[in-house]
Amino acid sequence: MAGIENSQELQRFLEQEKQKAMISEMVGKLTSVCWDKCITGTPGSKFSSSETSCLSSCAQRYMDMSIIIMKRFQSMQ
């Protein structure tokens, strides 16, 4: 019985780690894509209003698309 409990615990742990890795990868891609798109010059001590607006919109679109894609994959299972 302890072996089964350990196995289930291990599965939960692995699933959590997998989710953490996916989130980390998504944040990395989001940062890279939006930075390249929105930051046109050498960044100063703070972003311009247009850069801030672009980064916010880009991040929101990226997150919206990620949610749509995840829902689509979940519906396929």
Side-chain angles (χ1 to χ4, degrees):
M1 197 65 138
I4 292 172
E5 289 175 14
N6 286 340
S7 177
Q8 290 172 343
E9 201 172 305
L10 178 60
Q11 289 289 50
R12 277 192 298 272
F13 174 78
L14 291 174
E15 186 61 33
Q16 288 172 345
E17 291 301 307
K18 182 179 173 185
Q19 288 175 357
K20 287 179 191 177
M22 287 173 56
I23 290 170
S24 179
E25 181 181 353
M26 188 169 69
V27 168
K29 285 181 183 178
L30 167 73
T31 302
S32 177
V33 167
C34 293
W35 182 272
D36 290 346
K37 178 180 175 158
C38 299
I39 308 303
T40 55
T42 303
S45 60
K46 59 188 223 178
F47 298 124
S48 70
S49 61
S50 62
E51 290 170 333
T52 300
S53 178
C54 180
L55 287 167
S56 179
S57 295
C58 181
Q60 187 62 52
R61 283 193 309 271
Y62 191 89
M63 294 302 291
D64 289 345
M65 286 307 300
S66 295
I67 290 168
I68 290 168
I69 291 167
M70 284 191 293
K71 286 181 179 179
R72 181 69 52 100
F73 280 132
Q74 288 174 346
S75 71
M76 293 170 59
Q77 291 178 348

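Bear in mind the structure is a predicted one, so any value in this text is a computation, not a measurement. We're numbering straight along the sequence, starting at 1.
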> Sub-3.5 Å donor-acceptor pair from the side chain of Ser75 to the main-chain atoms of Arg72, do we have one?
Replying inline: yes
> Got a sec, which hydrophobics cluster with Met65, joining ILVMFWY side chains under 4.5 Å apart, including via others?
Replying inline: Ile68
> Does Ser32 reach the main-chain N or O of Gly28 with its side chain, forming a donor-acceptor pair under 3.5 Å?
Replying inline: no
> Can you list every side chain to side chain donor-acceptor pair (under 3.5 Å) pair that touches residues 59-70, not counting sequence neighbours?
Replying inline: Gln60-Asp64
Side-chain atoms of residues 10-27: list all donor-acceptor pairs with protein atoms under 3.5 Å, sequence neighbours left out, distances to 0.1 Å.
from  : atom 1 : to    : atom 2 : distance (Å)
Glu17 : OE2    : Lys20 : NZ     : 3.2
Glu25 : OE2    : Lys29 : NZ     : 3.2

Check residues 33-48 and write down every donor-acceptor pair under 3.5 Å in which the side-chain atom is one partner and the other belongs to a residue at least two apart or another chain.
from  : atom 1 : to    : atom 2 : distance (Å)
Ser48 : OG     : Ser50 : OG     : 3.2
Ser48 : OG     : Glu51 : N      : 3.1
Ser48 : OG     : Glu51 : OE1    : 3.4

